[in-house]
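Just so you know, ligand 1 is whichever comes first in the structure, and atom 1 is the first atom listed for that ligand. Values below: all heavy atoms of this structure, side chains included; hydrogens, waters and symmetry mates excluded.
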Amino acid sequence: MTTEVTSRVALAGFRRILGADAVLTDHEAMAPCLTDHRKLYEGAALAVLRPGSVEEVAQLLAFCNGTRIGVVPQGGNTGYCGGATPDESGRQVVLSLARLAHVRRIDPANYSLVAEAGCILANLQREAEAVDRFFPLSLGSEGSCQIGGNLSTNAGGLNVLRYGMARDLVLGLEVVLADGRVLSTLGELRKDNTGYDLKSLFIGAEGTLGVITAASLKLLPRPRAIATAFVAVRGIAAAVDLLNLLREASGDRVSSFELIPHIAVELTTRHIPGIAEPLAGEFPWYVLCELSSSRAADALDAMLESALRDAMDGGLLDDAALAQNERQRAAFWRLRESIPEAQRIEGPSLKHDVALPIGKLARFVEEASTWIAANLPDAVLVAYGHLGDGNLHFNVNARAGTDPLRFVAHADEVQRVVHDLVASFGGSVSAEHGIGRLKVDELVRYAPPVEIELMQDIKRALDPNGIMNPGKVLKVAP
Ligand code: FAD
Ligand code: MLT
Ligand code: ZN
């Protein structure tokens, strides 16, 4: 039986649970929460709810479950797939985790910390550093995204090659289920084989199965020696060979290996103040690579320099600049992390977040870029990203002066070509950004039917009334 309530009754219920100040209904106050970072969607909401405790989240979900009100969890709202934006009905609520932002425990001896979902990622990195430990998750949005959002999207970022995705850094989770029960697996154990690994279900679920309220996370020894280089490689195949050479030569100390095309250097130097070309000449492809070690005595600069010399002798690269100090290293990274912003300033872009077996990346880029050059004269390819993970942001920008609406009208056609090609290489059409609302149809198109059926079974079991982030990830609400 459906239990519909009027907006007035619902708002009274929310105010009873949270107090009036934590229930936003004023349009201006709600506005930043009703659209996504890329401005792809503009939603409406009954209210933005700002609970201050796990108990309040539990009471809210029990209430919404009973009254069949859709709940859209929202972290830092930096996601790329519209997952944190409510639909246009005005019947859903946004549940902001911003006030759950405490580090509950930090245990340097156990290399772990327990943080609430609303903690900003950069703050957690600093908390770890303060006790001489390292939390390796790192993304361009780390100053605003929250750990709850990172886990709900299973974020990747700049250090996956060495430390894995967000999922790999989790020891336990606290989750409020759709009916208001609290599942707590917040232990700080590295070994625990007692039954199904339930926490894994909520990682990467994009708020469709429950609300993550806290996480127990792994810490690592702090890197004490770091060597960073900006390298002009002779193409993508050469970059892959260089990665293998560096892994061998450094005893697997490569922590980042990012591909950057010349157009990205051009866009960042043009649009972002203070960014300069790292190398004197102009080359089509670069990598930003970093070796790191927790042993201060490791001579990583010498190791990297010698490996790059071998790679140059072997014809893999044309030039390289080794960061001579922390300032230069930061400048290389600033360039890399500014690419999305520079692209945004340049104009509309069609984004594709794809992963392929690393050995197939070069052929994929060649075939896809040939298609784009032949079919989209208004487009400039800006393909960059986490080459070490086989993950490219295969983005296509409009050439300056192109009519934005005409350009964006190509989005579906380009996506089909790019994604079909990715699938033919055995790749993924969402490497690290998730499905959200944007790629719901893509998931159905490319995932095996049994996988979709199992996802729907899980959704029905955990959220029988379909209140958790309706319309995201899975096409049909149960
Ligand atoms: P939101 O955008 O608020 O939410 C994302 C999804 O998670 C939504 O479906 C939402 O409903 C759900 N959600 C949020 N919090 C919770 C919770 N506590 N419980 C349950 N569900 C929840 N991503 C990468 O993977 N790698 C990158 O390198 C990267 N770089 C980026 C660079 C820039 C400049 C920007 C703007 C974004 C980048 N992103 C990247 C995308 C984005 O930052 C990540 O997806 C991030 O993990 C989202 O976190 P958030 O807190 O902003 O989540
Ligand atoms: C990145 O790696 O910079 C992001 O994941 C991609 C983007 O912001 O487009
Ligand atoms: Zn990325």
Quiz item: Going by distance only, is there an N or O of Glu432 that falls short of 3.5 Å from an N or O of ligand 1?
Solution: yes

Quiz item: Could you walk me through whether Glu88 and Arg437 pass the salt bridge (Lys or Arg N to Asp or Glu O under 4.0 Å) check?
Solution: CA-CA 13 Å; Glu88 293 79 14; Arg437 179 165 165 184; 2.9 Å; yes

Practice problem: For residues Gln343 and Leu267, determine if any side-chain heavy atom of one lies less than 4.5 Å from a side-chain heavy atom of the other. | Solution: yes

Quiz item: N/O of Val72 under 3.5 Å from N/O of ligand 1, yes or no?
Solution: no

Quiz prompt | Derivation of the side-chain hydrogen bond (donor to acceptor under 3.5 Å, both in side chains) call for Asn65 and Asp179 | solution = CA-CA 6 Å; Asn65 196 41; Asp179 60 9; 5.7 Å; no

Practice problem: Could you tell me which atoms of ligand 1, counted from 1 in the order shown, lie closer than 4.0 angstrom to a heavy atom of Glu206? | Solution: 9 (O), 11 (O), 12 (C)

Quiz prompt | ligand 1 atoms in contact with Ser152 (distance to a heavy atom under 4.0 Å) | solution = 7 (O), 12 (C), 13 (N), 16 (C), 17 (C), 19 (N), 20 (C), 21 (N), 22 (C)

Quiz item: Should the pair Phe134 and Tyr163 be assigned to parallel (<30°), tilted (30 to 60°) or perpendicular (>60°) ring geometry?
Solution: perpendicular

Exercise. Taking Asn159 for its side chain and Ser138 for its backbone only, find out whether a donor-acceptor pair lies under 3.5 Å.
Key: no

Quiz item: Which of the numbered atoms in ligand 1 are below 4.0 angstrom from a heavy atom of Gly207?
Solution: 20 (C), 21 (N)

Quiz item: For atom 4 (O) of ligand 1, which candidate among Ala214, Ala84, Cys81 provides the closest heavy atom?
Solution: Ala84

Quiz item: Should the pair Glu366-Arg363 be classified as a salt bridge under the 4.0 Å nitrogen-to-oxygen rule?
Solution: no

Quiz prompt | Proximal ligand 1 atoms for Asn150, defined as those under 4.0 Å from one of its heavy atoms | solution = 46 (C), 47 (O), 49 (O)

Quiz item: Which bit of Lys472 gets closer than 4.0 Å to ligand 1, counting heavy atoms only: side chain, backbone, both or neither?
Solution: neither

Self-check item: Numbered atoms and elements of ligand 2 in range of Tyr80, under 4.0 angstrom, heavy atoms
Solution: 6 (C), 7 (C), 8 (O), 9 (O)

Exercise. Pull out every atom of ligand 1 sitting under 4.0 Å from any heavy atom of Leu97, numbered as shown with elements.
Key: 18 (N)

Quiz item: So which protein heavy atom does atom 50 (P) of ligand 1 come closest to, and at what separation?
Solution: Gly76 N, 3.5 Å

Self-check item: Chi angles and distances behind the ring-ring contact (aromatic ring centres under 6.0 Å, His included) call for Phe394, Phe364
Solution: CA-CA 10 Å; Phe394 193 83; Phe364 162 75; 5.2 Å; yes

Exercise. Number the atoms of ligand 1 from 1 as they appear, then name those within less than 4.0 Å of a heavy atom of Ala155, with their elements.
Key: 25 (O), 47 (O)

Quiz prompt | Between CZ on residue Arg167 and CG on residue Leu137, distance to nearest 0.5 Å | solution = 13.0 Å

Quiz item: Quick one: nearest non-hydrogen protein atom to atom 5 (O) of ligand 2, plus distance?
Solution: His433 NE2, 2.8 Å

Practice problem: For residues Leu100 and Pro51, report the shortest heavy-atom separation together with the two atoms involved. | Solution: CD1-O, 3.3 Å

Practice problem: Find all atoms of ligand 1 within a distance of less than 4.0 Å from any non-hydrogen atom belonging to Cys145, and give their numbers and elements. | Solution: 49 (O), 50 (P), 51 (O), 52 (O)

Quiz prompt | Nearest-0.5 Å distance that lies between atom CG in Leu177 and atom CG in Asp463 | solution = 9.5 Å

Exercise. Answer with yes or no whether Gly210 contacts ligand 1, where contact means a heavy atom under 4.0 Å from a ligand atom.
Key: yes

Quiz prompt | Distance from atom 23 (N) of ligand 1 to nearest protein heavy atom, with residue and atom | solution = His433 CD2, 3.5 Å

Quiz item: Using a heavy-atom cut-off of under 4.0 Å, does the side chain or the backbone of Glu432 touch ligand 2, or both, or neither?
Solution: side chain

Exercise. Indicate yes or no: at least one non-hydrogen side-chain atom of Leu443 is less than 4.5 angstrom from one of Ile452.
Key: yes

Quiz item: Hey, does Gln343 come in under 3.5 Å of ligand 2, counting only N/O atoms on both sides?
Solution: no

Exercise. Enumerate the atoms of ligand 2 whose separation from the nearest heavy atom of Arg336 is less than 4.0 angstrom.
Key: 1 (C), 2 (O), 3 (O)

Quiz item: Considering only the protein, which heavy-atom contact is closest to atom 33 (C) of ligand 1, and what is its distance?
Solution: Tyr80 OH, 3.3 Å

Quiz item: Is Ile212 touching ligand 1 with its side chain, its backbone, both, or neither, if touching means heavy atoms under 4.0 Å apart?
Solution: both

Quiz item: Considering only heavy atoms, does Asn469 approach ligand 1 within less than 4.0 Å through its side chain, its backbone, both, or neither?
Solution: side chain

Self-check item: Which segment of Thr78 sits under 4.0 Å of ligand 1 when only heavy atoms are counted
Solution: both

Quiz item: Heavy-atom contact under 4.0 Å between His37 and ligand 1?
Solution: yes

Quiz item: Looking only at protein heavy atoms, which one is nearest to atom 2 (O) of ligand 1, and how far off is it?
Solution: Gly79 N, 2.8 Å

Practice problem: Using a cut-off of 2.8 Å, count how many protein N, O or S atoms are strictly closer to the Zn ion (ligand 3). | Solution: 3

Quiz item: With a 4.0 Å cut-off on heavy atoms, does Val211 reach ligand 1?
Solution: yes

Quiz item: Do the side chains of Ser216 and Val170 get nearer than 4.5 Å, heavy atoms only?
Solution: no

Quiz item: Any side-chain donor-acceptor pair under 3.5 Å between Asn77 and Asp36?
Solution: no

Quiz prompt | Nearest protein heavy atom with distance in Å, relative to atom 11 (O) of ligand 1 | solution = Pro73 O, 2.6 Å

Quiz item: salt bridge (Lys or Arg N to Asp or Glu O under 4.0 Å) between Arg247 and Asp252: does it pass, once the steps are laid out?
Solution: CA-CA 4 Å; Arg247 290 186 79 163; Asp252 218 5; 2.8 Å; yes

Quiz item: Considering only heavy atoms, which of His386, His352, Lys351 lies nearest to atom 9 (O) of ligand 2?
Solution: Lys351

Quiz prompt | Candidate pair His393 and His352, rule ring-ring contact (aromatic ring centres under 6.0 Å, His included), full reasoning | solution = CA-CA 6 Å; His393 300 305; His352 310 92; over 10 Å; no

Self-check item: Top protein contact for atom 4 (C) of ligand 2, by heavy-atom distance
Solution: His393 NE2, 3.6 Å

Self-check item: Closest protein heavy atom to atom 31 (C) of ligand 1, given as residue, atom name and distance to 0.1 Å
Solution: Ser141 OG, 3.9 Å

Quiz item: So which protein heavy atom does atom 29 (C) of ligand 1 come closest to, and at what separation?
Solution: Leu139 CB, 3.9 Å

Exercise. Check whether any side-chain heavy atom of Gln415 lies under 4.5 Å from a side-chain heavy atom of Val417, and answer yes or no.
Key: no

Exercise. Output yes when the distance from some N or O of ligand 1 to some N or O of Gln146 is under 3.5 Å, and no in every other case.
Key: yes

Quiz item: Hey, is Phe202 touching ligand 1 through its side chain, its backbone, both or neither, going by heavy atoms under 4.0 Å?
Solution: neither

Quiz item: Looking only at heavy atoms of Gly157, does any of them come nearer than 4.0 Å to an atom of ligand 1?
Solution: yes

Self-check item: Under 4.0 Å to a heavy atom of Ala117 - the qualifying atoms of ligand 1, by number
Solution: 18 (N)

Exercise. Examine ligand 1 and decide if any of its atoms is less than 4.0 Å from a heavy atom belonging to His386.
Key: yes

Quiz item: For atom 1 (P) of ligand 1, which protein heavy atom lies nearest, and how many Å away is it?
Solution: Asn77 N, 3.6 Å

Quiz item: Would Arg99 and Glu116 count as a salt bridge (Lys or Arg N to Asp or Glu O under 4.0 Å) if you check the C-alpha gap in whole Å, the side-chain angles of each, and the deciding distance to 0.1 Å?
Solution: CA-CA 9 Å; Arg99 288 178 62 214; Glu116 291 181 347; over 6 Å; no

